[in-house]
Q: 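Please read through the structure below; I'll follow up with questions.
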Amino acid sequence: MNVGGEHYRTIWLKPGDDRVVQIIDQRPLPHAFVIEDLASSDAMARAIKEMHLRGAGLIGAAAGWGMYLAALEAPQASMEAFLGYLQAAGEKLKKTRPTAVNLEWAVDRQLREITGRARTPAEGVRVAHDTAQAIADEDAEFCRRIGEHGVKIIEEIYEKKGDTVHILTHCNAGWLAFVDYGTATAPMYEAQKRGIPIHVWVDETRPRNQGARLTAWELVQQGVPHTVVADNVGGHLMQHGLVDLVITGADRVTRCGDVANKIGTYLKALAAADNGVPFYVALPSSTLDWSICDGVAEIPIEQRGEEEVKYIQGLSDGEVKRVLLTPPESPAANYGFDVTPARLVKGLITERGIAAASEAGLLELYPERR
Ligand code: MRU
């Protein structure tokens, strides 16, 4: 997508040096645009854990490239030693963040492809490279298709209303959270392309403020009208008819349609249900976890350090600074995600179309999973 008029993806192989992966470092955004070089699988694991990059699809693509970096550094003397190193690197990558299923999906896909297609370590490196590129390209293409399917919902509201469509979103399920386009934002970008007037309510998304820092920055870059609101505002806006539609992303969706997404999503879904506002979730199939049904009971919820709650980061006198919000001695809890039960979700916007949030609905779009 667009950064200062130039097209960027969020992750790519460094031009002229195919032993280095480059990413947009999301930590200094929106105040500075920094590209970071990652030259080892450990560096990639750290970048995922410490959230230099983040977002379900991008974490998956990063795990794919992390396995390629692991293949480059693995012992090349025997296939056994090569595969042993990759298994260990895969375990390390999987442990970095527990909720987004795309991470383990990408590591397992790499291991399957490499063990199935490579007879020598050199072939293994080639397969790991091609698989990482395929995961990234697929992510971008699936997000593009999500835009094409999701825009129909916006179009329909616009046809009925004949006026600007107001869409509320939570966290950042934009192109920064994927390789390109994003999921929740893809239908918005498509609507903009088709000349449908939209306006986006952007939840700030405490504690890390992915909405206020990242979604807002993206929408500025793309020229989409938007307003940042504090996390608690959504219910009020819905009661006053100021939200036509909610679209969020997802970090893991069970085969029964329960949705894990950034903490606070569940509260928005409750408010949407109480006010008759359609609540949609956009996701690529790499975010589906077919092995579980009950999201509340079975999805692991990441808990991060308390400093993310106690401190806030922003620009002051031209410098990015962190300031303490709470009494220093107050303990804080930092749950990263919550689960929205399928009954509160009007539909799941996927690369294959819009499914009802249920096992039957998902199986209709993915019959090979029957
Ligand atoms: O903790 P993050 O920033 O990696 O959170 C994940 C997310 O990006 C959101 O929950 C998002 O809405 C899911 S779609 C990528």
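Counting starts at 1 for both ligands and their atoms, in listed order.
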Q: Examine Phe33 together with Tyr8 and report whether their ring centres are nearer than 6.0 Å.
A: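 Yes, the ring of Phe33 comes within the 6.0 Å limit of the ring of Tyr8, centre to centre.
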Q: Give me the residue, atom name and distance of the protein heavy atom closest to atom 6 (C) of ligand 1.
A: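 The closest one turns out to be Asp251 OD1, 2.9 Å.
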Q: Who's the nearest protein heavy-atom neighbour of atom 4 (O) of ligand 1, and how far?
A: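 It is Arg97 NH1, 2.8 Å.
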Q: Are any of the N or O atoms of Ala250 closer than 3.5 Å to those of ligand 1?
A: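 No, no N or O pair falls under 3.5 Å.
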Q: Using the side chain to side chain contact (heavy atoms under 4.5 Å, CB included) rule, pick out the option among Val259, Val253, Thr248, Asn261 that qualifies with Leu283.
A: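 Going through the options one by one, the only one that passes is Val253.
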Q: For atom 3 (O) of ligand 1, find the nearest protein heavy atom and state the residue, atom name and distance (0.1 Å precision).
A: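 Here the nearest protein heavy atom works out to Arg54 NE, 2.4 Å.
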Q: Could you check, using the six-membered ring where one of them is a Trp, whether Phe178 and Trp175 have ring centers closer than 6.0 angstrom?
A: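 Ring centres of Trp175 and Phe178 not closer than 6.0 Å.
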Q: Taking non-hydrogen atoms only, is Met51 closer than 4.0 angstrom to ligand 1 via side chain, backbone, both or neither?
A: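 Side chain only; the backbone of Met51 stays clear of ligand 1.
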Q: For the side chain of Glu123 and the backbone of Ala118, is there at least one donor-acceptor N/O pair under 3.5 Å apart?
A: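 Flag not set: sc Glu123 to bb Ala118 has no pair under 3.5 Å.
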Q: Is it the side chain, the backbone, both or neither of Lys262 that has a heavy atom closer than 4.0 Å to ligand 1?
A: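 Lys262 to ligand 1: contacts from backbone and side chain alike.
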Q: Got the closest protein heavy atom to atom 15 (C) of ligand 1, with its distance?
A: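 Sorting protein heavy atoms by distance from atom 15 (C) of ligand 1 puts Ala56 N, 3.1 Å first.
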Q: Show your reasoning for whether side chain to side chain donor-acceptor pair (under 3.5 Å) applies to Tyr181 and Glu190.
A: CA-CA 9 Å; Tyr181 301 100; Glu190 190 56 35; over 6 Å; no
Q: Decide whether an N or O pair under 3.5 Å exists between Thr183 and ligand 1.
A: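 No, no N or O pair falls under 3.5 Å.
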Q: Any idea which of Thr248, Asn261, Val259 brings a heavy atom closest to atom 12 (O) of ligand 1?
A: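 Looking at heavy atoms only, the winner is Asn261.
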Q: Hey, is the main chain of Ala271 close enough, under 3.5 Å, to the side chain of Asn275 for a donor-acceptor pair?
A: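 A pair under 3.5 Å: yes.
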